[in-house]
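Each ligand, and each atom within it, is numbered from 1 in the order the structure gives. The structure displayed is predicted, hence computed values, not measured ones.
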Amino acid sequence: NNTRALYGLAKKAEDLGVRIITGVEVKGFESNNSTGAVAAVETDRGKINCDQVIIAAGPWVRDFWTMLDLPEKISIKTDEGDLRDNIDMWRFWQLEEGLLSINPDQLLTNDGKIPPVLHVDTDAPLFSDADGSLITDKLWGIYYKPDWHFNGIQGGSAPYKVETPVSEVQIDPYGPSSPEFVSGPEFAHMWVSALAHCHSRFQNHIKYYNREPSGGIGCFTADSFPVFDSFRENAYVIADSNHGWKMLGVGRLVAEEITGKSQSLLEPFRFSRFEKGKLHPTSNSPFPWS
Ligand SMILES: Cc1cc2nc3c(=O)[nH]c(=O)nc-3n(C[C@H](O)[C@H](O)[C@H](O)COP(=O)(O)OP(=O)(O)OC[C@H]3O[C@@H](n4cnc5c(N)ncnc54)[C@H](O)[C@@H]3O)c2cc1C
(Lines give C-alpha, C1' and ligand atoms only; values in the text may rest on other atoms or scores of the structure.)
Protein backbone atom coordinates (compact mmCIF):
# COMPACT_ATOMS: atom_id res chain seq x y z
CA ASN A 1 0.00 0.00 0.00
CA ASN A 2 1.85 3.04 -1.34
CA THR A 3 -0.05 5.62 0.72
CA ARG A 4 0.55 3.87 4.02
CA ALA A 5 4.20 3.28 3.15
CA LEU A 6 4.72 6.99 2.40
CA TYR A 7 3.00 8.10 5.63
CA GLY A 8 5.26 5.63 7.45
CA LEU A 9 8.35 7.16 5.86
CA ALA A 10 7.12 10.68 6.67
CA LYS A 11 6.67 9.67 10.31
CA LYS A 12 10.18 8.29 10.48
CA ALA A 13 11.51 11.64 9.21
CA GLU A 14 9.35 13.63 11.63
CA ASP A 15 10.51 11.45 14.53
CA LEU A 16 14.02 12.62 13.66
CA GLY A 17 12.94 16.28 13.88
CA VAL A 18 12.06 17.00 10.25
CA ARG A 19 9.17 19.46 9.74
CA ILE A 20 7.11 18.67 6.62
CA ILE A 21 5.11 21.56 5.16
CA THR A 22 2.65 20.55 2.44
CA GLY A 23 0.55 22.62 0.06
CA VAL A 24 3.32 25.11 -0.69
CA GLU A 25 4.39 25.68 -4.27
CA VAL A 26 7.99 26.55 -5.10
CA LYS A 27 8.08 29.33 -7.69
CA GLY A 28 11.81 30.00 -8.00
CA PHE A 29 15.14 30.50 -6.29
CA GLU A 30 16.84 33.67 -5.16
CA SER A 31 20.60 33.62 -5.68
CA ASN A 32 23.47 35.00 -3.81
CA ASN A 33 24.77 37.50 -6.38
CA SER A 34 28.46 36.84 -5.81
CA THR A 35 28.51 33.03 -5.75
CA GLY A 36 25.28 32.01 -7.54
CA ALA A 37 24.37 29.79 -4.57
CA VAL A 38 20.68 29.58 -3.66
CA ALA A 39 20.03 32.07 -0.86
CA ALA A 40 16.27 31.57 -0.62
CA VAL A 41 13.42 29.49 -2.02
CA GLU A 42 10.56 31.62 -3.36
CA THR A 43 7.16 30.05 -2.72
CA ASP A 44 3.52 31.03 -3.15
CA ARG A 45 3.48 31.59 0.63
CA GLY A 46 6.61 33.70 0.87
CA LYS A 47 10.36 33.38 0.84
CA ILE A 48 12.35 30.81 2.83
CA ASN A 49 16.03 31.59 3.38
CA CYS A 50 18.24 28.52 3.21
CA ASP A 51 21.79 27.23 3.52
CA GLN A 52 21.04 24.14 1.46
CA VAL A 53 18.22 23.08 -0.84
CA ILE A 54 17.42 19.51 -1.94
CA ILE A 55 15.17 19.05 -4.96
CA ALA A 56 13.42 15.70 -5.48
CA ALA A 57 10.56 16.69 -7.74
CA GLY A 58 9.87 13.55 -9.82
CA PRO A 59 8.58 14.50 -13.31
CA TRP A 60 8.55 18.19 -12.32
CA VAL A 61 12.37 18.13 -12.34
CA ARG A 62 12.23 19.79 -15.77
CA ASP A 63 10.74 22.93 -14.18
CA PHE A 64 13.17 23.01 -11.24
CA TRP A 65 16.04 22.58 -13.70
CA THR A 66 14.81 25.71 -15.49
CA MET A 67 14.40 27.59 -12.18
CA LEU A 68 18.06 26.79 -11.45
CA ASP A 69 19.09 28.10 -14.91
CA LEU A 70 20.57 24.72 -15.82
CA PRO A 71 20.92 23.77 -19.51
CA GLU A 72 17.91 22.44 -21.41
CA LYS A 73 20.30 21.04 -24.03
CA ILE A 74 23.48 19.13 -23.20
CA SER A 75 26.50 17.62 -24.97
CA ILE A 76 27.10 13.89 -24.80
CA LYS A 77 30.35 12.10 -25.58
CA THR A 78 29.76 8.96 -27.63
CA ASP A 79 31.62 5.65 -27.27
CA GLU A 80 33.71 6.74 -30.31
CA GLY A 81 34.80 9.88 -28.45
CA ASP A 82 32.77 12.41 -30.50
CA LEU A 83 30.82 15.11 -28.71
CA ARG A 84 27.17 15.23 -29.78
CA ASP A 85 25.62 18.62 -29.00
CA ASN A 86 22.13 19.93 -28.59
CA ILE A 87 20.65 16.84 -26.91
CA ASP A 88 17.59 17.36 -24.69
CA MET A 89 18.50 17.03 -21.03
CA TRP A 90 15.02 15.63 -20.28
CA ARG A 91 12.48 13.52 -22.12
CA PHE A 92 9.05 12.34 -21.01
CA TRP A 93 7.62 8.84 -21.23
CA GLN A 94 3.97 7.97 -20.74
CA LEU A 95 3.44 5.08 -18.34
CA GLU A 96 0.31 3.14 -19.05
CA GLU A 97 -1.30 1.26 -16.21
CA GLY A 98 -4.61 -0.40 -15.50
CA LEU A 99 -6.62 -2.69 -13.28
CA LEU A 100 -8.57 -5.92 -13.69
CA SER A 101 -11.34 -5.77 -11.11
CA ILE A 102 -11.19 -9.38 -9.95
CA ASN A 103 -10.30 -11.00 -6.64
CA PRO A 104 -6.58 -10.25 -6.12
CA ASP A 105 -6.19 -13.53 -4.19
CA GLN A 106 -6.11 -15.25 -7.60
CA LEU A 107 -2.44 -14.32 -7.85
CA LEU A 108 -1.32 -15.52 -4.44
CA THR A 109 1.42 -18.14 -4.57
CA ASN A 110 0.46 -21.80 -4.11
CA ASP A 111 1.29 -21.51 -0.39
CA GLY A 112 -0.91 -18.39 0.00
CA LYS A 113 1.86 -15.78 0.06
CA ILE A 114 2.05 -12.42 -1.74
CA PRO A 115 4.13 -12.87 -4.92
CA PRO A 116 6.70 -10.39 -6.19
CA VAL A 117 5.62 -8.01 -8.96
CA LEU A 118 5.82 -10.13 -12.11
CA HIS A 119 7.61 -8.66 -15.13
CA VAL A 120 7.46 -10.34 -18.53
CA ASP A 121 9.52 -9.11 -21.49
CA THR A 122 9.31 -11.20 -24.65
CA ASP A 123 9.30 -11.11 -28.43
CA ALA A 124 6.81 -13.99 -28.65
CA PRO A 125 3.97 -12.86 -30.95
CA LEU A 126 1.13 -11.38 -28.93
CA PHE A 127 -2.41 -12.13 -30.10
CA SER A 128 -5.63 -10.41 -29.08
CA ASP A 129 -7.58 -12.25 -26.44
CA ALA A 130 -10.72 -10.62 -27.87
CA ASP A 131 -10.52 -11.61 -31.56
CA GLY A 132 -7.26 -13.55 -32.08
CA SER A 133 -5.67 -10.82 -34.27
CA LEU A 134 -1.94 -10.17 -34.04
CA ILE A 135 -1.23 -7.24 -31.67
CA THR A 136 2.55 -7.32 -32.11
CA ASP A 137 5.40 -9.59 -33.13
CA LYS A 138 7.99 -7.13 -31.77
CA LEU A 139 9.44 -6.98 -28.25
CA TRP A 140 6.74 -6.25 -25.65
CA GLY A 141 6.59 -6.17 -21.88
CA ILE A 142 4.11 -6.06 -19.03
CA TYR A 143 4.19 -6.13 -15.24
CA TYR A 144 1.41 -7.03 -12.81
CA LYS A 145 0.65 -7.83 -9.23
CA PRO A 146 -2.29 -8.57 -6.95
CA ASP A 147 -3.35 -5.29 -5.36
CA TRP A 148 -5.58 -5.22 -2.27
CA HIS A 149 -5.60 -1.40 -2.23
CA PHE A 150 -7.23 -1.21 -5.70
CA ASN A 151 -8.89 -4.61 -5.22
CA GLY A 152 -7.77 -6.35 -8.37
CA ILE A 153 -4.80 -7.24 -10.55
CA GLN A 154 -2.91 -4.00 -11.19
CA GLY A 155 -0.06 -3.40 -13.60
CA GLY A 156 1.17 -1.79 -16.77
CA SER A 157 2.98 -2.24 -20.04
CA ALA A 158 6.12 -0.78 -21.59
CA PRO A 159 5.78 3.01 -21.71
CA TYR A 160 5.96 5.09 -24.88
CA LYS A 161 7.93 8.26 -25.59
CA VAL A 162 6.01 11.52 -25.47
CA GLU A 163 6.78 13.24 -28.78
CA THR A 164 5.71 16.78 -27.73
CA PRO A 165 8.77 19.06 -27.42
CA VAL A 166 10.02 18.78 -23.83
CA SER A 167 9.38 22.41 -22.89
CA GLU A 168 5.76 22.15 -24.07
CA VAL A 169 4.75 18.98 -22.21
CA GLN A 170 1.84 19.75 -19.85
CA ILE A 171 2.76 17.94 -16.65
CA ASP A 172 -0.27 19.30 -14.78
CA PRO A 173 -2.95 18.29 -14.13
CA TYR A 174 -1.01 15.15 -13.34
CA GLY A 175 -1.81 11.45 -13.68
CA PRO A 176 -5.44 10.32 -13.87
CA SER A 177 -6.53 14.01 -13.92
CA SER A 178 -4.56 14.68 -17.11
CA PRO A 179 -6.69 15.12 -20.23
CA GLU A 180 -3.77 13.85 -22.34
CA PHE A 181 -1.71 11.28 -20.47
CA VAL A 182 -3.98 8.43 -19.38
CA SER A 183 -4.19 4.84 -20.56
CA GLY A 184 -6.64 4.31 -23.42
CA PRO A 185 -8.56 1.34 -24.88
CA GLU A 186 -5.56 0.17 -26.92
CA PHE A 187 -3.60 -0.28 -23.72
CA ALA A 188 -6.49 -2.21 -22.11
CA HIS A 189 -6.67 -4.53 -25.13
CA MET A 190 -2.91 -5.16 -25.21
CA TRP A 191 -2.40 -5.53 -21.44
CA VAL A 192 -5.33 -7.89 -20.84
CA SER A 193 -4.33 -9.95 -23.91
CA ALA A 194 -0.79 -10.09 -22.53
CA LEU A 195 -2.10 -11.26 -19.15
CA ALA A 196 -4.05 -14.00 -20.98
CA HIS A 197 -0.84 -14.87 -22.89
CA CYS A 198 0.92 -15.39 -19.53
CA HIS A 199 -1.89 -17.18 -17.62
CA SER A 200 -4.87 -19.00 -19.14
CA ARG A 201 -6.88 -18.01 -16.04
CA PHE A 202 -7.00 -14.46 -17.49
CA GLN A 203 -8.54 -15.46 -20.83
CA ASN A 204 -11.86 -13.70 -21.64
CA HIS A 205 -11.18 -11.13 -18.91
CA ILE A 206 -11.40 -7.85 -20.88
CA LYS A 207 -14.89 -7.40 -19.38
CA TYR A 208 -13.27 -7.00 -15.94
CA TYR A 209 -10.98 -4.18 -17.07
CA ASN A 210 -11.60 -1.09 -14.93
CA ARG A 211 -12.19 1.89 -17.26
CA GLU A 212 -11.17 4.58 -14.76
CA PRO A 213 -8.27 6.77 -15.97
CA SER A 214 -4.86 5.51 -14.93
CA GLY A 215 -1.18 6.13 -15.67
CA GLY A 216 1.08 9.17 -15.69
CA ILE A 217 4.24 10.60 -17.21
CA GLY A 218 7.81 10.26 -16.04
CA CYS A 219 10.75 12.55 -16.79
CA PHE A 220 13.95 10.77 -17.82
CA THR A 221 17.56 11.77 -18.38
CA ALA A 222 19.37 11.10 -21.68
CA ASP A 223 20.50 7.62 -20.51
CA SER A 224 17.34 6.96 -18.43
CA PHE A 225 19.35 6.71 -15.21
CA PRO A 226 19.05 9.13 -12.28
CA VAL A 227 21.14 12.22 -11.68
CA PHE A 228 22.29 12.86 -8.10
CA ASP A 229 24.41 15.96 -8.01
CA SER A 230 24.99 19.36 -6.53
CA PHE A 231 24.50 22.54 -8.56
CA ARG A 232 25.03 26.21 -7.82
CA GLU A 233 27.05 25.20 -4.69
CA ASN A 234 24.09 24.29 -2.46
CA ALA A 235 21.26 22.95 -4.65
CA TYR A 236 21.25 19.15 -4.58
CA VAL A 237 19.12 17.58 -7.32
CA ILE A 238 17.71 14.06 -7.01
CA ALA A 239 16.36 13.38 -10.52
CA ASP A 240 15.03 9.88 -10.14
CA SER A 241 14.19 8.94 -13.78
CA ASN A 242 11.24 6.93 -12.49
CA HIS A 243 13.17 4.37 -10.47
CA GLY A 244 10.61 4.51 -7.66
CA TRP A 245 11.07 2.31 -4.61
CA LYS A 246 14.56 1.32 -5.72
CA MET A 247 15.47 4.86 -4.67
CA LEU A 248 14.57 4.57 -0.98
CA GLY A 249 18.16 4.30 0.20
CA VAL A 250 19.25 7.35 -1.79
CA GLY A 251 17.94 9.86 0.76
CA ARG A 252 20.39 8.62 3.36
CA LEU A 253 23.34 8.67 0.92
CA VAL A 254 22.45 12.21 -0.15
CA ALA A 255 22.23 13.31 3.50
CA GLU A 256 25.71 11.87 4.11
CA GLU A 257 27.02 13.63 1.03
CA ILE A 258 25.54 17.00 1.98
CA THR A 259 27.06 16.73 5.44
CA GLY A 260 30.49 16.28 3.91
CA LYS A 261 31.03 12.56 3.17
CA SER A 262 31.18 12.04 -0.59
CA GLN A 263 29.44 8.76 -1.51
CA SER A 264 31.11 6.46 -4.02
CA LEU A 265 27.73 4.77 -4.70
CA LEU A 266 26.42 8.07 -6.06
CA GLU A 267 29.48 8.78 -8.25
CA PRO A 268 28.17 7.00 -11.40
CA PHE A 269 25.14 9.30 -11.36
CA ARG A 270 26.82 12.71 -11.67
CA PHE A 271 25.66 15.17 -14.30
CA SER A 272 29.19 15.34 -15.74
CA ARG A 273 28.86 11.72 -16.98
CA PHE A 274 27.14 12.96 -20.15
CA GLU A 275 29.99 15.23 -21.21
CA LYS A 276 32.62 12.67 -20.14
CA GLY A 277 30.85 9.86 -22.04
CA LYS A 278 30.55 7.76 -18.87
CA LEU A 279 26.98 6.78 -19.64
CA HIS A 280 25.05 3.86 -18.27
CA PRO A 281 24.41 0.86 -20.54
CA THR A 282 21.47 1.05 -22.91
CA SER A 283 18.68 -1.27 -21.83
CA ASN A 284 17.64 -4.09 -24.16
CA SER A 285 14.31 -4.28 -22.39
CA PRO A 286 11.26 -2.33 -23.60
CA PHE A 287 11.34 -0.51 -20.25
CA PRO A 288 13.71 2.50 -20.08
CA TRP A 289 14.31 2.05 -16.35
CA SER A 290 15.35 -1.64 -16.48
C1 LIG B 1 2.05 5.62 -13.61
C2 LIG B 1 3.27 5.39 -12.77
C3 LIG B 1 3.42 4.19 -12.08
C4 LIG B 1 4.53 3.95 -11.30
N5 LIG B 1 4.60 2.75 -10.63
C6 LIG B 1 5.65 2.50 -9.86
C7 LIG B 1 5.74 1.26 -9.15
O8 LIG B 1 4.85 0.40 -9.22
N9 LIG B 1 6.84 1.04 -8.38
C10 LIG B 1 7.84 1.97 -8.28
O11 LIG B 1 8.80 1.74 -7.56
N12 LIG B 1 7.78 3.16 -8.93
C13 LIG B 1 6.72 3.44 -9.71
N14 LIG B 1 6.66 4.63 -10.40
C15 LIG B 1 7.78 5.57 -10.26
C16 LIG B 1 7.63 6.40 -8.99
O17 LIG B 1 6.31 6.91 -8.90
C18 LIG B 1 8.62 7.58 -8.99
O19 LIG B 1 9.91 7.10 -9.29
C20 LIG B 1 8.63 8.23 -7.61
O21 LIG B 1 7.33 8.72 -7.29
C22 LIG B 1 9.61 9.40 -7.56
O23 LIG B 1 9.61 9.88 -6.25
P24 LIG B 1 10.03 11.34 -5.92
O25 LIG B 1 9.75 11.54 -4.46
O26 LIG B 1 11.42 11.58 -6.42
O27 LIG B 1 9.06 12.28 -6.80
P28 LIG B 1 7.47 12.38 -6.79
O29 LIG B 1 6.83 11.23 -6.09
O30 LIG B 1 7.05 12.65 -8.20
O31 LIG B 1 7.21 13.66 -5.91
C32 LIG B 1 7.52 14.95 -6.38
C33 LIG B 1 6.68 15.92 -5.58
O34 LIG B 1 7.08 17.26 -5.91
C35 LIG B 1 5.91 18.06 -5.89
N36 LIG B 1 6.13 19.28 -6.67
C37 LIG B 1 6.24 19.42 -8.01
N38 LIG B 1 6.44 20.71 -8.34
C39 LIG B 1 6.47 21.40 -7.19
C40 LIG B 1 6.62 22.79 -6.87
N41 LIG B 1 6.83 23.72 -7.81
N42 LIG B 1 6.59 23.16 -5.56
C43 LIG B 1 6.40 22.22 -4.58
N44 LIG B 1 6.24 20.91 -4.81
C45 LIG B 1 6.27 20.50 -6.10
C46 LIG B 1 4.85 17.16 -6.52
O47 LIG B 1 3.56 17.63 -6.18
C48 LIG B 1 5.18 15.82 -5.90
O49 LIG B 1 4.48 15.63 -4.68
C50 LIG B 1 5.55 4.92 -11.20
C51 LIG B 1 5.44 6.13 -11.89
C52 LIG B 1 4.30 6.37 -12.67
C53 LIG B 1 4.19 7.69 -13.40
Side-chain angles (χ1 to χ4, degrees), residues 1-3 5-7 9-10 13 18 20-29 38 40-48 50 53-68 90-99 114-119 141-147 149-150 152-162 169-178 180-184 187 191 212-221 224-228 235-254 269 287-290:
N1 183 318
N2 288 340
T3 312
L6 284 175
Y7 276 114
L9 285 172
V18 171
I20 299 173
I21 309 173
T22 59
V24 181
E25 187 180 346
V26 174
K27 298 284 198 183
F29 297 108
V38 175
V41 180
E42 292 159 354
T43 79
D44 60 350
R45 305 231 321 248
K47 196 167 82 174
I48 304 170
C50 63
V53 59
I54 303 170
I55 297 153
W60 293 269
V61 66
R62 175 201 66 185
D63 300 338
F64 281 87
W65 196 254
T66 307
M67 288 180 211
L68 287 169
W90 305 109
R91 65 268 300 120
F92 286 92
W93 290 72
Q94 158 68 2
L95 283 83
E96 300 204 281
E97 296 208 329
L99 179 74
I114 298 180
V117 179
L118 294 164
H119 284 251
I142 59 162
Y143 52 93
Y144 53 101
K145 64 178 193 301
D147 195 310
H149 181 60
F150 291 118
I153 305 300
Q154 195 274 341
S157 67
Y160 63 82
K161 264 189 191 152
V162 174
V169 172
Q170 295 286 323
I171 308 177
D172 290 304
Y174 186 75
S177 312
S178 166
E180 199 179 354
F181 300 119
V182 283
S183 313
F187 162 79
W191 184 66
E212 277 175 36
S214 185
I217 51 174
C219 189
F220 289 74
T221 60
S224 299
F225 278 82
V227 164
F228 310 124
Y236 201 104
V237 176
I238 299 175
D240 92 304
S241 263
N242 246 74
H243 283 72
W245 293 109
K246 301 181 205 74
M247 303 274 296
L248 273 188
V250 168
R252 184 181 190 121
L253 295 174
V254 169
F269 301 99
F287 294 90
W289 55 81
S290 295

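- Here the NE2 atom belonging to H243 is positioned 7.5 Å from the OG atom belonging to S224, to the nearest 0.5 angstrom.
- For atom 21 (O) of ligand 1, no protein non-hydrogen atom is found at a distance below 4.0 Å.
- If you take OH on Y236 and CD1 on I54, they are separated by 9.0 Å, rounding to the nearest 0.5 Å.
- Only the side chain of E97 comes within contact range of ligand 1, with a heavy atom under 4.0 Å; no backbone atom does.
- Remark: minimum distance from atom 53 (C) of ligand 1 to any protein heavy atom is reached at Y174 OH, 3.2 Å.
- At most 12 heavy atoms of other shown residues, nucleotides or ligands fall within 6.0 angstrom of atom NZ in K161.
- A distance-only check finds a donor-acceptor pair linking the side chain of S183 to the backbone of S214 [under 3.5 Å].
- If you check which protein heavy atom lies closest to atom 25 (O) of ligand 1, you get A56 O, 4.2 Å.
- Under 4.0 Å from ligand 1, the heavy atoms of H243 that appear belong solely to its backbone.
- Looking at atom 13 (C) of ligand 1, its nearest protein heavy atom turns out to be G244 CA, 4.5 Å.
- Looking from atom 34 (O) of ligand 1 to the surrounding protein, the closest heavy atom is A57 CA, 4.0 Å.
- When only non-hydrogen protein atoms are considered, atom 2 (C) of ligand 1 lies nearest to L95 CD2, 3.7 Å.
- Other residues, nucleotides and ligands contribute more than 12 heavy atoms inside 6.0 Å of the CD atom of E180.
- Residue F64 places a heavy atom under 4.0 Å from ligand 1.
- Under 4.0 Å from ligand 1, heavy atoms of V26 appear from its side chain as well as its backbone.
- Ranking the protein heavy atoms by distance from atom 7 (C) of ligand 1 puts W245 CD1, 4.8 Å first.
- Distance check for atom 49 (O) of ligand 1: every protein heavy atom is found at 4.0 Å or beyond.
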Steps toward side chain to side chain contact (heavy atoms under 4.5 Å, CB included) verdict (F181, V162): CA-CA 9 Å; F181 300 119; V162 174; 3.9 Å; yes
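- Of the listed options G58, S183, G23, G175, G58 places a heavy atom closest to atom 26 (O) of ligand 1.
- No donor-acceptor distance shorter than 3.5 angstrom exists from the side chain of S157 to the backbone of W191, with no hydrogens or angles considered.
- Among V24, L248, T22, the residue whose heavy atom sits closest to atom 44 (N) of ligand 1 is V24.
- Taken to the nearest 0.5 Å, the CG atom of L253 stands 10.0 Å off from the CE atom of M247.
- Near P59, meaning under 4.0 Å from any of its heavy atoms, are these atoms of ligand 1: 30 (O).
- Ring geometry, W289 versus F220: the interplanar angle falls under 30°, so the pair is classed parallel (tilted spans 30 to 60°).
- In this structure, the separation between CH2 on W60 and CD1 on I171 is 7.0 Å, given to the nearest 0.5 Å.
- Every atom of ligand 1 is numbered from 1 in the order shown, and the set under 4.0 Å from a heavy atom of G215 is 1 (C).
- Distances shorter than 4.0 angstrom do not occur between any heavy atom of G218 and any atom of ligand 1.
- Closest protein heavy atom to atom 15 (C) of ligand 1: N242 ND2, 3.4 Å.
- Comparing I171, D147, D240 by heavy-atom distance to atom 19 (O) of ligand 1, the nearest is D240.
- More than 12 heavy atoms of other residues, nucleotides or ligands shown are found within 6.0 angstrom of OH on Y174.
- Rounding to the nearest 0.5 Å places CG of D147 at 8.0 Å from CG of N2.
- Only the side chain of W60 comes within 4.0 Å of ligand 1, counting heavy atoms alone; its backbone N, CA, C and O stay farther away.
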